[in-house]
Number of protein chains: 2
Amino acid sequence: MAKAEQSDGTVGKALNVLDQVAGFGHPVRFRELLASSDYPKATLYRLLQTLVQQRMLTFDAERQTYSPGVRLVRLAHHAWQQSSLAPVARPYLDALSRSIGETVHLAQLDHSQVLYVDKRNANVPVEMFSQAGKVGPVYCTGVGKAMLAWSRIDDQTRIIEQQSFHRFTDNTLTSRRALRAELDIICSRGFAFDNEEHEPGIICVALPILSEGGRVLGGLSVTSTTARHSLDSLAALVPQLKTTVGQISEDAENWLFPEQSKTHA
Amino acid sequence: MAKAEQSDGTVGKALNVLDQVAGFGHPVRFRELLASSDYPKATLYRLLQTLVQQRMLTFDAERQTYSPGVRLVRLAHHAWQQSSLAPVARPYLDALSRSIGETVHLAQLDHSQVLYVDKRNANVPVEMFSQAGKVGPVYCTGVGKAMLAWSRIDDQTRIIEQQSFHRFTDNTLTSRRALRAELDIICSRGFAFDNEEHEPGIICVALPILSEGGRVLGGLSVTSTTARHSLDSLAALVPQLKTTVGQISEDAENWLFPEQSKTHA
DNA sequence: AAATTAAGTTTCACATAGTGGAACAAATTT
DNA sequence: AAATTTGTTCCACTATGTGAAACTTAATTT
């Protein structure tokens, strides 16, 4: 019983394969997939066929490669619209971005990772999906730590357990102990910083977006560079962020927001 | 044998259910799903459970409703990035949009429908996913007709067969005959119009994006209103569109583009 | 060009995984 | 409190998926 992963039934296997293909980040051949797959040849082959037939994967007959299929884009549109904070938050993000003029991120938790669901960039027009749908680590991003700090204790424990604590920079927190201490500080301070913990020269302030009941709905952050801002000058933006967060959570409350599905155990 | 739909195996069924939930456009209860489902109670119930467990669906325990899950957003990011024209086309769309100042759409074909994969809106900042991931009809949109006109004959036939020909406006083409005639005109003219066929007051010009081999990769359109433009003044933009389309298809060629998976027979 | 190796596809005896009618439980309505 | 509707579980049955091995096709090597 080496693997206690989630893997229920054929559907689970198929979705694993889908993730695997998506994870490669480029069109991938059968051989490559097989090498990094737990499933035997014939099984993997059949799963791929099924996914292609279902248009969840695209198969390039010439190059014999698999890529994630466009059907996903369509499904995701619905998901984004119905199950993310983005549609509700949009006008407030616009306003905040206009007023602050720095990059603004809206994120949610997905499976122990930070999932960015929207973004405003003062300069460049916008980057669409290229940013929405991206994932990042929880333990070394502002939104990640902010959301984690206010999560229910059991979720928090589980998520902390699943972090890799890879050292991206000199400032990256690289132990559960250090992260827990940081979360305490964040809680009492009321917001989180990212002090060049993920990328050198990049800093940010982040607040959690909470429901009335105190449940974590998402996170909101303003990102800048050490050239333009200090942590203190970012902290000065917190009141504005507070306002935006308040507006979003109030609207979300009315929009009858679906509960994050609880993972078993 | 009323339904000759695609429905292979458990995975197919699960994905059908996923589509069904997404299609509702709002959180939906078991009862509602059951009413419009082909599957028996217990089966549907199990499929839903599996999808929730896999985080493809989100279940709101309080309201007892299902919605598409955020995991889809993450997967779609990969799909959009790898299997759509959007990343390649981005800089050219930016340039075109800046130069023309009207709404620009980038679309691809997905399962007999138009799937919008990117968009530029001159005025409003941008609408993200709210547009990327949206689908539209083939027979009454500029991009749809443009892509269809240059499709391989067997694809064309199949797609025409699957259109609903719902009448949106007085100008909507409402028969296969009318559509085929229009496609001929489009081919000889070299580009397609949408002459208020989908929405009153909205017109557009569209060109297909073709690979070197002549395969349809996608479509590009400029949309405007009858207040600001006539078909003739839109036609004047075609040279610019031609340039953009050329740039995109050239880049796409190099980016080693995956083949649209062929549907069985 | 023939031989060798590797990549991709198909087969088939086998059993796991999914099926769905029906009984049951919980929540709503009368 | 009885009746009705909605959601969950059971379990005998079998359709679906399994995977080692055989086979075909393509790519390399001799």
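What you see is a predicted model; the values in this text were computed from it and never measured. As a basis for the values below, the full set of heavy atoms in this structure was taken, side chains included, without hydrogen atoms, waters or symmetry mates. Naming convention: chains lettered A, B, ... in sequence-line order (proteins, then strands); numbering from 1 in each chain.
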Using whole Å, what does the distance between atom [atom2] of nucleotide [N] and atom [atom1] of [X] come to?
| X | N | atom1 | atom2 | result |
| --- | --- | --- | --- | --- |
| F30(A) | dT25(D) | CZ | P | 17 Å |
| E32(B) | dT6(D) | CD | P | 10 Å |
| L34(B) | dT5(D) | CG | P | 14 Å |
| Q64(B) | dT6(D) | CD | P | 12 Å |

Can you see which heavy atom on P68(B) is nearest to which on L57(B), and at what distance?
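Answer, listing the atom of P68(B) first, then L57(B): CA-CD2, 3.9 Å.
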Would you please classify the geometry between the F168(B) ring and the H198(B) ring as parallel, tilted or perpendicular, with 30° and 60° separating the classes?
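Geometry flag for F168(B) against H198(B): perpendicular rings.
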Please state whether the rings of Y45(B) and F30(B) are parallel, tilted or perpendicular, taking 30° and 60° as the class boundaries.
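If you compare the ring of Y45(B) with that of F30(B), the planes turn out perpendicular.
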Counting only N and O atoms by type, is there a donor-acceptor contact under 3.5 Å from the side chain of [X] to the main-chain atoms of [Y]?
| X | Y | answer |
| --- | --- | --- |
| W80(B) | V117(B) | yes |
| Q113(B) | L109(B) | no |
| T43(A) | Y39(A) | no |
| R176(A) | I160(A) | yes |

For DNA chain C, what is the dot-bracket line, given that a base pair needs Watson-Crick (N1 to N3, plus N6-O4 or O6-N4) or G-U wobble (N1-O2 and O6-N3) geometry with both distances under 3.5 Å, and | means paired with another strand?
||||||||||||||||||||||||||||||
Side-chain N,O (R29(B)) to OP1/OP2 (dG7(D)) below 4.0 Å
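So the side-chain polar atoms of R29(B) do come within 4.0 Å of the phosphate oxygens OP1 or OP2 of dG7(D), strictly under.
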For nucleotides 16-21 of chain D, 5' to 3', base contacts (B), sugar-phosphate-only contacts (S) and non-contacts (-) with protein non-hydrogen atoms under 4.0 Å give SSBBB-
NE2/H77(A) to CG/L75(A) distance, rounded to the nearest 0.5 angstrom?
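Taking NE2 in H77(A) and CG in L75(A), the distance rounds to 11.0 Å.
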What distance separates D60(B) CG from S67(B) OG, expressed to the nearest 0.5 Å?
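Answer for the CG-OG pair, D60(B) versus S67(B), is 7.0 Å.
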Can you check whether K134(B) reaches H78(A) side chain to side chain, under 4.5 Å on heavy atoms?
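No, every pair of side-chain atoms sits at 4.5 Å or beyond.
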Any chance you could lay out the side-chain contact (heavy atoms from CB on, under 4.5 Å) test for D118(A) and L85(A), step after step, and finish with the verdict?
CA-CA 9 Å; D118(A) 209 345; L85(A) 282 173; over 6 Å; no
Nucleotide range of DNA chain C lying under 4.0 Å from chain B heavy atoms:
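First and last nucleotides in contact are dG18(C) to dG21(C).
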